[in-house]
Protein chains: 2
Amino acid sequence: MKIGEFAELAGVSKRTVDHYTNIGLLEPERSASGYRFYGKADLEKILLIEQKKTEGLALEEIKAELGATPLQTDSAELIGKKMETIQKELDEVLHLLKKTDLDQAAIKLEISHEKLAMLQSILHLFS
Amino acid sequence: MKIGEFAELAGVSKRTVDHYTNIGLLEPERSASGYRFYGKADLEKILLIEQKKTEGLALEEIKAELGATPLQTDSAELIGKKMETIQKELDEVLHLLKKTDLDQAAIKLEISHEKLAMLQSILHLFS
DNA sequence: CCTCCAAACTGTCACGTGATGGTTTTATTA
DNA sequence: TAATAAAACCATCACGTGACAGTTTGGAGG
């Protein structure tokens, strides 16, 4: 179901669902056009989230707590997505490193040249 | 100067300065307690940002445009932060990989075992 | 002059809001 | 029935808002 129906069923605002999605608490499917699709599992999850909130937990804490187990189902896809994210970020960093003096960066980051080089190799493996 | 004075001089709200800071458009110094300190350079920068905005540019575009050069000064810190983020995410992924069948993950991710092993090595280098 | 305190200031969190620009669904009209 | 126009829905951007908690600072009293 789309965000409107989902939010109503969950008893929260669309903006709340939006927020949870942005911070990665909910991970809906996406249509080709970008529309989010939430399922029954998401519904159970958000109800649990609202429960935890009344217990005084912060969203990030809830995320950590929930992130520990419910990944058995579709962990492969999830890992795939995470890999994409990480790859993008590695790209960013390497981009920065190229614009900077590599040696100086290494010094300030307290990382050895080998590790930096290693990082670069890894990136090549994934691209 | 602190955010209040800075925002006033720039002719924008504190929230706007806050926003720019959150998305990395401004990178103020921080006191031990976390207070942000903006300097003269930041002032010139934010005025330029406001200018670019009137030209219809999005903040991310402005960031990209400005990001091309002004990183010489504090790029090390920036990279450091990114490294932290990436490290956390790598941790997450490896955590996931441990809970999953490594071989199956490799298959579904279309990544060779060597690359996965490599990833694990890298993680050890940074932890 | 030093101490203590309230007022002013600040950061972060968890959304809210209005504008803009696509997408989907529904209704209408040819 | 197919094309199209209108209405409803959705995503993202750029902040705004209110609550809460920690920080800084200008006095008041000792």
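Chain A is the first sequence line, chain B the second, and so forth, proteins listed ahead of strands; every chain is numbered from 1.
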Quiz item: Closest heavy-atom contact between B:G39 and B:F6?
Solution: O-CE1, 4.2 Å
Quiz item: Just how far, in rounded Å, is C1' of D:dT17 from NZ of B:K14?
Solution: 13 Å
Quiz prompt | Note, A:K53 side chain near A:L59 side chain (heavy atom, < 4.5 Å) | solution = yes
Quiz item: OP1, OP2 of D:dC15 versus side-chain N and O of B:S13: anything below 4.0 Å?
Solution: no
Quiz item: Within this structure, what is the CD-to-C1' distance between B:E61 and D:dT12, rounded to whole angstrom?
Solution: 13 Å
Quiz prompt | Spacing of A:Y38 atom OH relative to D:dC10 atom C1', expressed in whole Å | solution = 10 Å
Quiz item: Once you round it to whole Å, what is the distance between C1' of D:dC10 and CD of A:E5?
Solution: 14 Å
Quiz item: Of all of residues 49-59 of chain A, which get a heavy atom below 4.0 angstrom from DNA chain D, listed by number?
Solution: none
Practice problem: Look at the side-chain N and O atoms of B:R36 and state whether any lies under 4.0 Å from the OP1 or OP2 oxygen of D:dT23. | Solution: no
Quiz item: If you find the nucleotide of DNA chain D closest to A:F37 and the one closest to A:R15, which residue's nucleotide is nearer the 5' end?
Solution: A:F37
Quiz prompt | Rounded interatomic separation in angstrom, taking NZ from A:K2 and P from C:dT23 | solution = 13 Å
Quiz prompt | B:D18 CG - C:dT12 P separation (whole Å) | solution = 7 Å
Quiz item: Are OP1 or OP2 of D:dT23 and a side-chain N or O of B:S31 less than 4.0 angstrom apart?
Solution: no
Quiz item: Does A:T16 place a side-chain N or O at less than 4.0 Å from the phosphate oxygens OP1/OP2 of C:dA14?
Solution: no
Self-check item: Electrostatic pair A:D42-A:K45, nearest N-O below 4.0 angstrom
Solution: no
Quiz prompt | Check: B:L26 and B:R36 side chains under 4.5 Å, non-hydrogen atoms | solution = no
Quiz item: Could you state the interatomic distance from CD (A:Q51) to CD1 (A:I62), rounded to the nearest 0.5 Å?
Solution: 9.5 Å
Quiz item: For A:D18 and A:I3, which heavy atoms make the closest approach, and how far apart are they?
Solution: N-CD1, 4.2 Å
Practice problem: Would you classify A:Y20 as touching base, sugar-phosphate or nothing, given that sugar-phosphate means primed atoms plus P, OP1 and OP2, and contacts are heavy atoms under 4.0 Å? | Solution: sugar-phosphate
Self-check item: Nearest-Å distance for atom pair CD/C1', residues A:E8 and D:dC10
Solution: 16 Å
Self-check item: Residue closer to the 5' end of DNA chain C, A:I23 versus A:Y35 (nearest nucleotide)
Solution: A:I23
Quiz item: How long is the line joining CD of B:E60 and C1' of D:dC15, in whole Å?
Solution: 14 Å
Quiz item: Should A:E5 and A:K2 count as an ion pair when the cut-off is N to O under 4.0 Å?
Solution: no
Quiz item: Counting only side-chain N and O atoms of B:R30, is one of them less than 4.0 Å from OP1 or OP2 of C:dT12?
Solution: yes
